[in-house]
Amino acid sequence: MYQYSCMNAISEVGLQKFTDQYTKTEVKEDADALLVRSAALHDMEFSDKLAAIARAGAGVNNIPLERCAEQGIVVFNTPGANANGVKEAVIAGLLLASRDLADGINWVKAESGNEDIAKLAEKEKKNFAGSEIKGKKLGIIGLGAIGILVANTAVHLGMEVYGYDPYISVDSAWNLSREITHITDVNDIYRECDYITIHVPLLESTKKMINEEAIAEMKDGVILLNYARDLLVDEEAVVKAVQSGKIRRYMSDFPNTTTAGVKNCIVTPHLGASTSESEDNCAVMAVKEVMDYLENGNINHSVNYPTCDMGKCKGVCRVAINHKNIKNMIGQFASVLGEADMNIANMANQSKGEYAYSLFDLDTQITDEVVEKLKNVQGVLRIRIL
Ligand SMILES: NC(=O)C1=CN([C@@H]2O[C@H](COP(=O)(O)OP(=O)(O)OC[C@H]3O[C@@H](n4cnc5c(N)ncnc54)[C@H](O)[C@@H]3O)[C@@H](O)[C@H]2O)C=CC1
Ligand SMILES: O=C(O)CCC(=O)C(=O)O
């Protein structure tokens, strides 16, 4: 039996995928797996029982990835599962930034008791006039799951699209419309584009990548969209630029005291992935990843351990070892098993940065004594017998 705990509201459509081998617990220390959306886990202590954390979403900046790896806790995310939800929010953002629909709606609300509202509207509407996105230049920084959907949709809406992503994956490149202009120097996005949208992960290297210098390069009256993370942008510099008119509007999905309430900063309360479809997709994917890891030891879509998938165990038992990516680990594991007269029927070993993972299918049941010997190999972080 396995236990899981939810750190945020996770879609029931996903939770229902757990079989009767799983029960939900509110006691985090009892959980084999945690399911999380945006809850901040950096200050949380993790019990030795915890084997997996699944982020039902894309961004993992709320999870201490290295500390987890060091404790042998595999962290998963659900790449692409909420990308369409975010894309649609970004397209709405493009339109809301271009047409003064939000102020227009607020005006109607404020005048709702006015009997002359219809006549007044015709007089006042000039205050809410806007511009069209067709024919305008859109620069996209980050062409992953969300960036490519935004890029392709914007082409269909008649925009001239420029894309910048020095680390673009082969899959993303295949899925990108041929209409998109490939940019190799991000400054060309800043200099050329009427609209700029950012879709990169929040990492040390991307923190405040949109800063005062970047803004200075941008066209006067540019519209900046940020549905990725607030810390990617120096928002104090953005607010100054909005107030001076350099930036016409700043669209953000991350309310904070810097941007909330500032005229021409249109901020939504982190709604990008808040659609029933995205929530269901993320939860289903997260639950499947967790079950495959807990039951079979397979790792798919982890952000702190390598992909390693041997399907279902074909031997008598499977040994799953989370360990450091250092030399002679496989040699030492094989020696321990060989000395105990245990045949390895099948095996896999993969590494990612400082961490590695090994799976061994054995023809015989492993004993506690052999498990103890494997645990004592320097660099082993966790062993599970499945
Ligand atoms: N507002 C919301 O509710 C949501 C926000 N997000 C945010 O959006 C981000 C992107 O999500 P996905 O597209 O699903 O992730 P992804 O991992 O598919 O794509 C990220 C892309 O950014 C690129 N990249 C990394 N560093 C870069 C740099 N310095 N310059 C240019 N490109 C760079 C990568 O090569 C990759 O192609 C997430 O990390 C998350 O922070 C994601 C989902 C929902
Ligand atoms: O769970 C959510 O609503 C947040 C989605 C998000 O920001 C992400 O997937 O990175």
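First listed ligand is number 1; within each ligand, the first listed atom is number 1. Quick note: numbers below take in every heavy atom, side chains included, and nothing from hydrogens, waters or symmetry partners.
- Residue Ala145 has at least one N or O atom closer than 3.5 Å to an N or O atom of ligand 1.
- Residue contacts with ligand 2: Glu279 is excluded, as none of its non-hydrogen atoms falls under 4.0 Å.
- Taking a cut-off of under 4.0 Å to the non-hydrogen atoms of Arg37, the atoms of ligand 2 that pass are 1 (O), 2 (C), 3 (O).
- An N or O contact shorter than 3.5 Å links Arg55 to ligand 2 by distance.
- When non-hydrogen atoms are compared, ligand 2 lies under 4.0 Å from the side chain of Asn82 (C-beta onward) but not from its backbone.
- For Ser169, no nitrogen or oxygen atom sits less than 3.5 Å from a nitrogen or oxygen atom of ligand 1, counting backbone and side chain alike.
- Each of the atoms 1 (N), 2 (C), 3 (O) of ligand 1 lies under 4.0 Å from some heavy atom of Asp253.
- Close N/O approach between Thr206 and ligand 1 is not found [any backbone or side-chain N/O within under 3.5 Å].
- Any N or O atom pair closer than 3.5 Å counts here, and Ala273 shares no such pair with ligand 2.
- Relative orientation of the Tyr305 and Tyr357 rings is perpendicular, given thresholds of 30° and 60° on the angle between their planes.
- Of all the heavy atoms of His199, the ones lying under 4.0 Å from any atom of ligand 1 belong exclusively to the backbone.
- Judged by the 6.0 Å distance and 45° axis criteria, Arg384 is positioned over the aromatic ring of Tyr293.
- For ligand 2, the polar-atom distance check finds an N/O of Gly59 within less than 3.5 Å of one of the ligand's N/O atoms.
- Polar contact with ligand 1: absent for Ile141 (N/O pair, distance under 3.5 Å).
- Looking at Arg37, Lys87, Arg229, Met209, it is Arg229 that brings a heavy atom closest to atom 40 (C) of ligand 1.
- When only interatomic distances are considered, the shortest N/O to N/O separation between His270 and ligand 1 falls below 3.5 Å.
- For ligand 2, the atoms sitting less than 4.0 Å from at least one non-hydrogen atom of His270 are 4 (C), 5 (C), 6 (C), 7 (O), numbered in the order shown with element in parentheses.
- Residue contacts with ligand 1, taken as heavy atom pairs separated by less than 4.0 Å, involve Pro201 via backbone and side-chain atoms alike.
- Checking only distances, Ile146 does come within under 3.5 Å of ligand 1, N or O to N or O.
- With Gly144, Ser252, Ser205 as candidates, the residue nearest to atom 21 (C) of ligand 1 on a non-hydrogen basis is Gly144.
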